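For the numbers below, each heavy atom of this structure counts, side chains included, while hydrogens, waters and symmetry mates do not. Computed from a predicted model, the values in this text were never measured in an experiment. Along the sequence shown, residues carry numbers from 1. Numbering of ligands and ligand atoms starts at 1, following listing order.
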Amino acid sequence: MKTKYAIVFIFIVALVIIEKESNILSRVSDKLTQRQTPLQTSSTPLYENDTTQNVLTEDQESREEEAMGNYNASDRHKHILLMATTRSGSSFVGEFFNQHGGNMFYLFEPLWHIERMLSDTADSGNVTGLTEMYRDVLQGLFLCDFSSLEKYISPAPQDHVTAALFRRESSSSLCETSVCSPIVKDVFERYHCRSRRCGPLNLTLAAESCLSKKHHAIKTVRVRQLDTLRSLVEDPRLDVTVIQLVRDPRAVLASRMVAFSAQYQTWNSWAQEGDVPEDVEQVKRFKGTCDQIRMSAELGLGQPGWLKRRYMLVRYEDIAHFPMQKAEEMYKFTGIPFSTQAKNWILKNTQTTRGASGVYSTQKNSSEQAEKWRFRIPFKLAQVVQKLCGPTMKMFGYKFVDSETALLNRSLSLLEERQFDFSQG
Ligand SMILES: *[C@@H]1O[C@H](CO)[C@@H](O)[C@H](O)[C@H]1NC(C)=O
Ligand SMILES: *[C@@H]1O[C@H](CO)[C@@H](O)[C@H](O)[C@H]1NC(C)=O
Ligand SMILES: *[C@@H]1O[C@H](CO)[C@@H](O)[C@H](O)[C@H]1NC(C)=O
Ligand SMILES: *[C@@H]1O[C@H](CO)[C@@H](O)[C@H](O)[C@H]1NC(C)=O
Ligand SMILES: *[C@@H]1O[C@H](CO)[C@@H](O)[C@H](O)[C@H]1NC(C)=O
Ligand SMILES: *[C@@H]1O[C@H](CO)[C@@H](O)[C@H](O)[C@H]1NC(C)=O
């Protein structure tokens, strides 16, 4: 008898839930015509059980409220993806968010683990699988679920504890007291945070810290194409803003030749010996990266429905010239308050001279810093980059040079003024 009642009860509850959901979904669907259904490319379905279903519908309700104009946008949890390529200033710009303060959970390059693990396996050439892994891990991390990342950490975490999280110390929230476990002498001696020595990272504590923060930001140089993030951006549990950071590809090459001198040694010898072969893998890859950056920006600036108000393009050079103003713009765009702590960090780290000339000399000095590459790169290589990345440079307003004199002439700006129109619509 009892079982009968139980079954009837469950049946009624199920009906009520289905009714409620379809009701909400149909009301929401009108408002969300541009926000299409997330692509189900992942092997594991996103919404497996009732718990997640409820989260989903609650969030859709708030999206609806937002659409109707009575939702206070500043109350929402924000998710920022800082998308860049290596040596384009993303560590610096990532700090703008890392330094936000107690309400921010920031991760520095978590996708490093995936690339690292796959480089040891035969599958590393499978780009389709890779973009999906990247996206799924980002999705998990934005939801404070570290299990998606855990699979890729090597050596494998024991009881969700790892001493091998890449650049943990670059994430303020992973070095807070609540996440900092004591050092076990001798065993984990070398793992510590910048400000204090912490033992191995307990990912359960990391997840708890993540859940307690209102906003989440991830910096990565590994996402190649913006379109691979579509289902992440459309995930109704998240409120994602993608900030694409670009930099003059000539400066990027010059910087990589210093930072990754082993891999980029060949560019140096090409520059010295004569011509740069365009059909070698390394050169093709450099061109390919330029093209992907451009295609991503074209997609973002084209403002398809799924990216409306969720995509921003920034040039590193503009940030170097006007760090405070640009940081403010980024914060404003993401809808996160620009904290005093973040402002202070930017002041401290961009201001080299104090006193009467104050702000002006800061700007001048930052510009100088950002233009150092002009005196490092051989003119020949600058020409090669102009050829490989011409359309990309034109799109972002990076001026070509036609002589070594022009390259070395400080009074000749290589930057066109540009306002990228991403904030409309
Ligand atoms: C629902 O799924 C989440 C994530 O997969 C899991 O953590 C949770 O335990 C599940 N809840 C139930 C009631 O099955
Ligand atoms: C939105 O919330 C913020 C902070 O909670 C508050 O300062 C602001 O007045 C609210 N705005 C509206 C329109 O309710
Ligand atoms: C690439 O990865 C996808 C998804 O993991 C898989 O379905 C496909 O078979 C792989 N392709 C190759 C050539 O390995
Ligand atoms: C990690 O932290 C959780 C939550 O406080 C705790 O339950 C767990 O025992 C810790 N793990 C280890 C191995 O200390
Ligand atoms: C610019 O900054 C560098 C290092 O940050 C410093 O050595 C130099 O004196 C500064 N130049 C000016 C003009 O302020
Ligand atoms: C450097 O550029 C400025 C501005 O175009 C120009 O006036 C000046 O003559 C150039 N200097 C040299 C040495 O070419």
Side-chain angles (χ1 to χ4, degrees), residues 51 102 105-107 110 113 137 140-169 171-193 195-214 216 248 250-251 254 315 317-318 320-321 360 363-383 385-386 393-394 396-418:
T51 319
F105 189 84
Y106 171 78
L107 290 173
H113 289 285
V137 167
L141 292 174
F142 272 148
L143 292 166
C144 300
D145 173 5
F146 278 75
S147 61
S148 56
L149 177 66
E150 224 176 309
K151 289 186 292 200
Y152 300 101
I153 298 177
S154 172
Q158 301 291 308
D159 295 329
H160 310 291
V161 172
T162 177
L165 189 82
F166 181 63
R167 294 286 295 266
R168 170 196 180 174
E169 75 281 2
S171 168
S172 299
S173 21
L174 293 183
C175 287
E176 281 173 359
T177 315
S178 62
V179 186
C180 186
S181 49
I183 291 185
V184 181
K185 231 187 155 83
D186 299 333
V187 183
F188 299 109
E189 192 69 24
R190 71 192 176 87
Y191 300 101
H192 53 84
C193 288
S195 50
R196 56 162 70 88
R197 292 176 62 78
C198 291
L201 181 64
N202 182 333
L203 291 167
T204 312
L205 293 178
E208 281 169 10
S209 165
C210 178
L211 284 168
S212 75
K213 312 275 178 174
K214 190 160 184 188
H216 303 89
D248 189 326
R250 292 168 300 192
R315 294 187 303 190
E317 292 79 5
D318 292 326
H321 283 66
Y360 182 71
Q363 293 171 358
K364 202 174 148 204
N365 197 295
S366 300
S367 329
E368 269 172 32
Q369 294 295 317
E371 291 206 307
K372 270 186 169 173
W373 66 270
R374 292 173 66 169
F375 308 94
R376 285 201 193 123
I377 195 171
F379 173 62
K380 186 190 285 280
L381 285 187
Q383 271 183 311
V385 175
Q386 288 171 182
M393 290 178 58
K394 280 194 192 119
F396 298 133
Y398 297 125
K399 292 186 200 160
F400 289 44
V401 288
D402 53 10
S403 69
E404 184 163 19
T405 328
L407 179 65
L408 299 175
N409 185 347
R410 273 179 204 272
S411 6
L412 208 68
S413 168
L414 298 187
L415 199 63
E416 280 168 24
E417 291 249 337
R418 282 289 161 90

Student: Got an N/O contact under 3.5 Å between T405 and ligand 6?
Tutor: no
Student: With heavy atoms of L412 as the reference, note each atom of ligand 6 found under 4.0 Å away.
Tutor: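 Here the atoms of ligand 6 in question are 2 (O), 4 (C), 5 (O).
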Student: Is a donor on one side and an acceptor on the other found under 3.5 Å between the side chain of R250 and the backbone of R374?
Tutor: no
Student: Indicate yes or no: does R315 engage E317 in a salt bridge with an N to O separation below 4.0 Å.
Tutor: no
Student: Should the SG-SG distance of C198 and C180 be recorded as below 2.5 Å?
Tutor: yes
Student: Roughly how far apart are L203 CG and I153 CD1, rounded to 0.5 Å?
Tutor: 5.0 Å
Student: A side-chain contact here means heavy atoms from C-beta on lying under 4.5 Å apart; do S172 and Y106 qualify?
Tutor: no
Student: For ligand 4, list all ligand N or O to protein N or O distances below 3.5 Å, rounded to 0.1 Å.
Tutor:
residue, atom, partner, partner atom, Å
ligand 4, 2 (O), N202, OD1, 3.4
ligand 4, 2 (O), N202, ND2, 2.3
ligand 4, 11 (N), N202, ND2, 3.0

Student: How many angstroms lie between CG in D402 and CD in Q383, if you round to the nearest 0.5 Å?
Tutor: 8.5 Å
Student: Mind checking whether F105 and L174 have side chains closer than 4.5 Å, heavy atoms only?
Tutor: yes
